[in-house]
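Working notes, structure below.
A quick note: this is a predicted structure, and the numbers were derived from the prediction, not measured.
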Amino acid sequence: MEIDNIVDLETIKTNMHAKNKDDALKELAELLLQNEYISDVNGFMTDIYAREAEGQTGIGNYIAIPHGKSSFVKKIGVAIGINEDEIPWETLDGNGVKGVILFAVGNDNDGAQNHLKLLSLFARKLGNDEVVENLLQSKNAEDVKEAFGQ
């Protein structure tokens, strides 16, 4: 599994104007629904919020990686949003969030394994300050994909 195969230009949204976590997550979940990664926005959101209640998904450096294993996931994927302004989020460094990487994985055994693989893949990339800087400055979906290609 490679980031290049997971990042779909159709599920990337830059120049978002979400005012809070809920707006951002809904906007990204809608993208996943439109592109047939999930079957139901509300059910998927419920599963995401169940995971959010377990601990922070704001990893610092203005990035959040919300995720939750969900039976509403039809195929594994990610939706990536770059917000114009910082939005309030529970984070490790106390800052808000501008980049949101929302994972969509099933809640079966395959989903659990893919979930860990995805987190590991993205965590490695997001540990690189240059990748994060380029990601947050992305103006379009191609920029986002390119930032992860570094």
Side-chain angles (χ1 to χ4, degrees), residues 3-4 6-107 111 114-115 118-150:
I3 283 189
D4 233 28
I6 294 293
V7 176
D8 179 350
L9 294 175
E10 298 299 320
T11 57
I12 297 173
K13 184 155 191 191
T14 55
N15 308 309
M16 285 175 50
H17 295 284
K19 297 289 179 226
N20 54 45
K21 180 196 285 193
D22 200 49
D23 287 351
L25 290 174
K26 275 194 181 121
E27 211 168 322
L28 294 176
E30 286 289 342
L31 273 182
L32 290 169
L33 179 70
Q34 289 163 18
N35 290 283
E36 300 183 6
Y37 284 91
I38 64 172
S39 58
D40 180 78
V41 168
N42 292 332
F44 180 65
M45 291 286 288
T46 298
D47 292 336
I48 294 298
Y49 274 109
R51 170 58 188 85
E52 286 288 307
E54 291 174 19
Q56 299 172 335
T57 56
I59 59 171
N61 232 353
Y62 305 102
I63 301 288
I65 51 171
H67 51 282
K69 296 186 279 295
S70 175
S71 61
F72 297 101
V73 172
K74 292 162 62 172
K75 62 181 179 181
I76 190 168
V78 296
I80 301 172
I82 308 299
N83 209 56
E84 287 287 311
D85 300 310
E86 199 177 314
I87 50 178
W89 205 290
E90 304 76 31
T91 62
L92 296 175
D93 63 4
N95 289 323
V97 161
K98 290 177 89 171
V100 180
I101 300 158
L102 175 60
F103 295 102
V105 287
N107 61 358
N114 286 329
H115 184 228
L118 267 184
L119 282 174
S120 168
L121 271 178
F122 279 89
R124 267 201 308 272
K125 289 287 186 182
L126 294 168
N128 179 329
D129 288 343
E130 194 180 333
V131 169
V132 171
E133 193 177 318
N134 289 335
L135 178 64
L136 294 177
Q137 292 175 2
S138 295
K139 297 295 177 218
N140 55 46
E142 287 81 9
D143 289 350
V144 170
K145 193 160 186 168
E146 199 173 299
F148 280 115
Q150 295 177 333

Any side-chain donor near an acceptor of the partner, Asp40 and Asn42, under 3.5 Å:
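Absent: no donor and acceptor within the cut-off.
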Scan side-chain atoms only and decide if Asp143 and Ser138 contain a donor-acceptor pair under the 3.5 Å cut-off.
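On atom types as modelled, these side chains do not qualify, holding no pair under 3.5 Å.
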Closest contact, heavy atoms only, [X] versus [Y]:
| X | Y | value |
| --- | --- | --- |
| Ile3 | Lys125 | CD1-CG, 3.3 Å |
| Ser70 | Gly43 | OG-O, 4.5 Å |
| Ala29 | Met45 | CB-SD, 4.0 Å |
| Ala18 | Ala24 | CB-N, 3.6 Å |

Measure the spacing between [atom1] of [X] and [atom2] of [Y] and express it to the nearest 0.5 Å.
| X | Y | atom1 | atom2 | result |
| --- | --- | --- | --- | --- |
| Asp47 | Lys69 | CG | NZ | 10.5 Å |
| Ile38 | Phe72 | CD1 | CZ | 9.5 Å |
| Glu27 | Glu30 | CD | CD | 9.0 Å |
| Ser39 | Leu32 | OG | CG | 11.0 Å |

With a 4.5 Å limit on heavy-atom distance, are the side chains of [X] and [Y] in contact?
| X | Y | answer |
| --- | --- | --- |
| Ile87 | Asn20 | no |
| Ile12 | Asp8 | no |
| Val144 | Thr14 | yes |
| Lys13 | Met16 | yes |
| Tyr49 | Leu25 | yes |
| Leu9 | Glu142 | yes |
| Pro66 | Val100 | yes |

Tell me the side-chain hydrogen bond (donor to acceptor under 3.5 Å, both in side chains) pairs involving residues 56-68, sequence neighbours left out?
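Every pair satisfying side-chain hydrogen bond (donor to acceptor under 3.5 Å, both in side chains) with a residue in residues 56-68: Arg51-His67, Glu52-Thr57, Thr57-Trp89, Asn61-Asp129.
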Residues forming a salt bridge (charged side-chain N to carboxylate O under 4.0 Å, His left out) with Lys26, sequence neighbours excluded
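For Lys26, the residues satisfying salt bridge (charged side-chain N to carboxylate O under 4.0 Å, His left out) (neighbours in sequence not counted) are Asp22.
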List in chain and number order the residues that pass salt bridge (charged side-chain N to carboxylate O under 4.0 Å, His left out) with Glu36, two or more places apart in sequence or in another chain; answer none if no residue qualifies.
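Partners of Glu36 under the salt bridge (charged side-chain N to carboxylate O under 4.0 Å, His left out) test: none.
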Quick one, Leu102 with Val78, criterion side-chain contact (heavy atoms from CB on, under 4.5 Å). Give me CA distance, side-chain angles, the key distance, then yes/no.
CA-CA 5 Å; Leu102 175 60; Val78 296; over 6 Å; no
For Ile65, check side chain to side chain contact (heavy atoms under 4.5 Å, CB included) against everything at least two apart and list the hits.
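Side chain to side chain contact (heavy atoms under 4.5 Å, CB included) check on Ile65 returns Ile59, Ile63, Ile101, Phe103, Leu119, Leu126.
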If you apply the rule side-chain contact (heavy atoms from CB on, under 4.5 Å), what do you find for Val7 with Ile80, and how did you get there?
CA-CA 8 Å; Val7 176; Ile80 301 172; 4.2 Å; yes
Residue pairs, two or more places apart or on separate chains, that pass salt bridge (Lys or Arg N to Asp or Glu O under 4.0 Å) and touch residues 77-87
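Salt bridge (Lys or Arg N to Asp or Glu O under 4.0 Å) check on residues 77-87 returns no pairs.
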What residue pairs, at least two apart or across chains, pass ring-ring contact (aromatic ring centres under 6.0 Å, His included) with a residue in residues 10-37?
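Residue pairs passing ring-ring contact (aromatic ring centres under 6.0 Å, His included), neighbours aside: none found.
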For Thr11, does its backbone N or O pair with a side-chain atom of Asn35 as donor and acceptor, under 3.5 Å?
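Here the side-chain-to-backbone pair does not exist.
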